[in-house]
Amino acid sequence: MNIEQTLNEAVQKAIEDLYGQQVNEAQVQLGQTKREFEGHLTLVVFPFLKLSRKKPEDTAVEIGNYLVKNTSVVEDFNVIKGFLNLTISSSAWISVLQSVHDTPRYGCVEADDNSPLVMIEYSSPNTNKPLHLGHVRNNLLGHALSEVMAANGNKVVKTNIVNDRGIHICKSMLAWSKYGHNETPETTGKKGDHLVGDYYVAFDKHYKAELKELMAQGMSEEEASAASPLMQEAREMLVKWENNDPEVRALWKQMNEWVYQGFDDTYKKMGVSFDKIYYESDTYLEGKDKVMEGLDKGFFFKKEDGSVWADLANEGLDQKLLLRADGTSVYMTQDIGTAKLRFADYPIDKMIYVVGNEQNYHFQVLSILLDKLGFSWGKDLVHFSYGMVELPEGKMKSREGTVVDADDLMEDVIKIAREVCTEVGRLDECSTEEIDEIARIVGLGALKYFILKVDARKNMTFNPKESIDFNGNTGPFIQYTYARIQSVLRKAAEQGLEIPTTLDTSVKISEKAQQLIQSITKFATVVQDAGKDYNPSGIANYVYELVKEYNQFYHDYSILKEEDESLKMLRLVLSLNVAKVIKTGFSLLGIEVPNRM
RNA sequence: GGUCGCGUAGCUCAGCUGGAUAGAGCAACGCCCUUCUAAGGCGUCGGUCAUAGGUUCGAAUCCUAUCGCGAUCACCA
């Protein structure tokens with residue numbers, strides 16, 4: 001039990017003894033005391049004035065006296081207006097540090113057999129072009145959220161639905177067969193996804209040229225796009241694909257393999273992974289059965305042309321198409337089909353979709369439809385809806401070539417990290433392999449932290465220059481503090497100091513150290529909140545605050561020069577646990593920490 | 001036009017289950033390395049929390065309206 005909980009109960013008891021009234025846990029407002037006042041925790045007494053029938057100050061003094069007398073943790077108090085600032089004893093803080101010290105992954109709860117199963121879908125790429133900055137945000141958030149949910153005692157299954165079919169893939173295929181000269185990743189040395197993406201661009205280039213020519217002959221833009229031979233050919237290819245044409249299928253399989261190989265490299269570098277991958281080519285027909293079932297049960301209706309619709313007027317929404325007149329599926333149908341397969345594979349208790357906020361409406365509808373179709377988790381499915389990533393110049397536009405490629409981006413940050421690490425000169429004795437590894441950790445740390453510190457729901461601006469910054473609220477700043485603590489611990493070990501398992505509670509530690517312990521314990525709450533709100537950014541901002549606070553502590557006290565052995569040990573243990581929380585917090589974000597940098 | 005989201009310092013962002021004088025970083029200008037990693041610390045400068053009402057002991061936070069920005073409302077995925 002932490003100090004806040006203990007005090008909360010003590011205050012409830014105090015109110016009962018002093019004023020003879022019952023209050024519940026939520027009515028006791030205990031918060032962290034503001035820096036400019038003395039004390040650690042502050043009780044807001046305004047809510048109790050009706051019970052005490054006294055002035056705020058008098059009520060606060062009464063409760064303060066009661067707590068000092070009746071609890072062992074409250075040492076002193078002061079009152080400012082309706083705020084009762086409580087000072088916790090040094091020994092109580094050391095006991096708290098002891099319990100953190102005893103817990104390996106402090107703040108995290110392991111899942112057991114009875115834990116709910118949470119499935120998280122993220123990434124969900126198309127196979128016609130490489131991953132870009134938007135996917136990076138998706139992947140980082142999805143992976144971080146998976147870690148956060150797991151740390152809150154859930155069984156987590158990470159999944160990816162790959163959109164491997166459709167007209168866009170046919171465009172790449174067509175362009176490759178027309179202009180490709182049998183190029184392969186091996187012959188060109190290009191990553192497979194980039195190679196395929198290049199042909200998608202090539203298609204667009206030739207198609208545009210065609211349009212221009214046709215329009216020069218007097219056609220309108222619409223007429224031209226309808227008459228374009230290239231586009232017609234692409235459509236024909238799609239039909240052939242759907243009819244299982246062996247040649248088209250073989251090409252499709254070949255090119256998708258290239259892309260998967262490329263994606264695997266990117267995922268690996270990014271540090272994300274999946275437990276189960278679904279392919280749309282497998283699931284896109286599955287939804288039909290479910291829709292027909294819903295049609296039979298009267299949830300949906302058929303129009304004269306044979307198309308099937310859901311009427312969501314009762315939910316305040318419009319009608320939504322589920323099957324085209326020709327019986328083929330639309331996006332919504334596919335998501336229903338995927339849901340069906342997933343539920344057959346896993347006993348899902350909660351489904352989380354990590355998908356951009358431009359699809360808010362889609363998931364609102366999907367939730368209703370899945371619920372109607374009898375999926376127990378449909379109603380409460382979570383659309384983890386994140387905002388768009390924009391550049392300082394505005395949105396990314398493929399037409400203007402401003403799309404930021406994921407592979408290039410990662411390579412750039414690692415390269416710059418290597419330059420900076422080498423420049424500083426602390427790694428001179430390290431081998432090139434070690435330096436490469438540190439550069440990788442630091443570079444990716446900068447990128448990941450830059451993206452994850454922002455509230456996922458909001459649109460964000462991605463400034464390439466700032467993303468590789470190493471000062472201020474950045475990943476490397478935090479990693480640096482971690483590395484520095486490791487250095488201190490190494491030096492301590494060299495001096496033959498052994499980290500104690502049991503702490504001396506009689507030591508009088510400084511006010512800053514006490515506040516630092518308080519900040520460490522906040523981590524458990526932060527992890528819980530992140531799981532509740534499905535929002536990892538809270539963890540990033542928390543770790544930053546903790547690190548800043550530790551830096552002040554580090555600056556003010558020389559740990560290894562401290563003469564009082566007990567005090568020295570406490571500071572070492574405190575530093576060790578700060579490092580532990582940094583590492584745990586960063587691991588929830590999918591960011592590594594270096595032992596030196 | 002309907003629906004949803006967002007608007008906090010010059011810039012990027014915290015803070016939002018209502019709590020004390022609204023916080024960081026970047027940028028600008030100072031100070032601190034014979035001291036465990038200065039990728040650090042300390043300070044100065046910078047605000048009508050979009051606007052107007054409302055709810056109450058108390059509102060950046062909750063409610064309503066207005067303005068601005070964005071997304072979406074496809075037989076695209």
Side-chain angles (χ1 to χ4, degrees), chain A residues 26 29 31 33-37 42 44-47 49 56 80-83 85 124 126 163 165-168 280 284 303 305 307-309 316-318 320-326 328-332 334-335 356-362 364 385 387-388 390 392 395 417 420-421 423-427 442 450 453-455 457-463 465-467 469-474 476-481 483-492 494-495 529 532 537-538 540-542 544-545 547-548 551-562 571-572 575 596-597:
Chain A
Q29 291 182 49
T33 303
K34 291 222 162 196
R35 284 274 172 267
E36 51 277 31
F37 301 103
T42 295
V44 185
V45 299
F46 287 108
L49 298 184
I80 294 166
K81 291 193 271 182
F83 299 93
N85 300 322
S124 311
N126 290 352
N163 180 15
R165 58 164 284 280
I167 189 75
H168 43 290
E280 229 165 61
Y284 84 110
K303 284 197 177 172
D305 63 1
S307 56
V308 178
W309 296 72
L317 304 171
D318 292 335
K320 192 79 191 173
L321 178 83
L322 298 175
L323 286 177
R324 297 189 184 101
D326 62 9
T328 55
S329 321
V330 292
Y331 180 37
M332 188 64 75
Q334 294 176 30
D335 261 351
N357 63 9
E358 72 272 14
Q359 293 193 31
N360 284 355
Y361 182 72
H362 173 80
Q364 204 183 337
S385 158
M388 308 182 69
E390 286 165 25
K395 289 179 191 166
V420 176
C421 289
E423 228 168 72
V424 173
R426 267 195 296 272
L427 301 176
V442 173
F450 186 84
K453 73 175 175 185
V454 181
D455 185 339
R457 289 179 290 264
K458 293 184 179 172
N459 287 1
M460 68 173 291
T461 306
F462 183 87
N463 188 325
K465 281 196 194 100
E466 286 171 18
S467 72
D469 206 335
F470 291 6
N471 302 312
N473 188 358
T474 65
F477 168 79
I478 293 163
Q479 289 171 322
Y480 174 66
T481 300
R484 206 163 48 182
I485 293 173
Q486 297 311 309
S487 171
V488 173
L489 292 171
R490 275 195 298 271
K491 290 247 161 61
E494 279 166 24
Q495 291 178 20
D529 288 349
K532 234 180 280 170
S537 74
N541 287 298
Y542 160 81
Y544 174 61
E545 294 297 330
V547 161
K548 261 201 313 182
N551 278 340
Q552 289 171 20
F553 174 82
Y554 177 88
H555 183 260
D556 286 358
Y557 305 104
S558 301
I559 299 168
L560 297 173
K561 296 217 170 87
E562 175 59 49
R571 287 183 187 161
L572 272 175
S575 300
R596 61 182 79 223
M597 64 186 276

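In this entry the distance linking CG of D529(A) with C1' of rC16(B) reads 13 Å, nearest Å. Taking atom CG on D469(A) and atom C1' on rA27(B), their separation rounds to 11 Å, with Å as the unit. Taking atom CZ of residue F450(A) and atom P of nucleotide rU12(B), one finds them 10 Å apart after rounding to whole Å. Between the C1' atom of rC42(B) and the CZ atom of R35(A) lies a distance of 16 Å, rounded to the nearest Å. Atom pair I478(A):CD1 and rG25(B):C1' shows a separation of 11 Å (rounding to whole Å applied). Between N551(A) atom CG and rG40(B) atom P there is a gap of 8 Å when expressed in whole angstrom units. Atom C1' of nucleotide rU12(B) and atom CE of M460(A) are separated by 9 Å, given to the nearest angstrom.
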Point to revise | Annotated protein contacts, base or backbone, on nucleotides 30-39 of chain B with a non-hydrogen cut-off under 4.0 Å, one of B, S, - each | key: -----SBBSB
Check your understanding: Quick one: what's the B/S/- string for nucleotides 68-77 of chain B, heavy-atom cutoff under 4.0 Å, read 5' to 3'?
Key -> --SSSS-BSB
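Shown here for Y361(A) and L317(A), the closest heavy-atom pair between the two residues is CE1-CD2, 3.7 Å. When all heavy atoms of N471(A) and D469(A) are compared, the pair lying nearest together is N-OD1, 3.3 Å. Taking both residues in full, the closest heavy atoms of S329(A) and Y284(A) are given as OG-O, 2.9 Å, listed atom of the first, atom of the second, then distance. For the pair M388(A) and N357(A), the tightest heavy-atom approach, listed with the atom from each and the gap, is CG-OD1, 4.3 Å.
Counting non-hydrogen atoms under 4.0 angstrom, V454(A) reaches the backbone sugars and phosphates but no base.
Atom name C1', nucleotides rC16(B) and rU34(B): the rounded distance is 49 Å, in whole Å. The P atoms of rG41(B) and rC49(B) are separated by 29 Å, rounded to the nearest whole Å. Taking the P atoms as reference points, rG5(B) lies 29 Å from rG23(B), given to the whole Å. Nucleotides rA60(B) and rG15(B) have their C1' atoms positioned 9 Å apart, rounded to a whole Å. Spacing of P atoms, rA65(B) relative to rA24(B), comes out at 36 Å, to the nearest Å. Using atom C1' as the reference point in both rA59(B) and rA74(B), the two lie 43 Å apart (nearest Å). Nucleotides rG18(B) and rC13(B) have their C1' atoms positioned 23 Å apart, rounded to a whole Å. With both ends at atom C1', the span from rG30(B) to rG70(B) equals 42 Å, rounded to whole Å.
Looking only at side-chain heavy atoms (C-beta outward), Y542(A) and D529(A) stay at 4.5 Å or farther from each other. A heavy-atom distance below 4.5 Å is found between the side chains of R484(A) and N551(A). At a threshold of 4.5 Å between non-hydrogen side-chain atoms, the residues L427(A) and R596(A) count as touching.
With no hydrogens or angles considered, a side-chain donor-acceptor pair links N360(A) and S385(A) at under 3.5 Å.
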With 3.5 Å as the limit, what N/O pairs link the protein to nucleotides 20-24 of chain B?
unit_1  : atom_1 : unit_2  : atom_2 : d
rA20(B) : OP2    : K34(A)  : NZ     : 3.2
rA20(B) : N6     : T42(A)  : OG1    : 2.8
rA20(B) : N6     : N85(A)  : OD1    : 3.2
rA20(B) : N1     : N85(A)  : OD1    : 3.2
rA24(B) : O2'    : Y544(A) : OH     : 2.8
rA24(B) : O2'    : K548(A) : NZ     : 3.2

Show each protein N/O and nucleotides 8-10 of chain B N/O combination with a separation under 3.5 Å, one pair to a line.
none

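rC33(B) shows a glycosidic angle within 90° of 0 and is accordingly assigned syn.
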Practice item. Evaluate the side chain to side chain contact (heavy atoms under 4.5 Å, CB included) criterion for residues K453(A) and Y544(A): first the C-alpha distance (whole Å), next the side-chain angles of each, then the deciding distance (0.1 Å), finally the verdict. Key: CA-CA 9 Å; K453(A) 73 175 175 185; Y544(A) 174 61; over 6 Å; no
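For F470(A), there are no ring pair (Phe, Tyr, Trp, His ring centres under 6.0 Å) partners two or more places apart in sequence or in a different chain.
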Point to revise | 5'-to-3' dot-bracket of RNA chain B (Watson-Crick, G-U; under 3.5 angstrom; crossing pairs as [ ]; | other strand) | key: (((((((..((((.....[...)))).(((((.......))))).....(((((..]....))))))))))))....
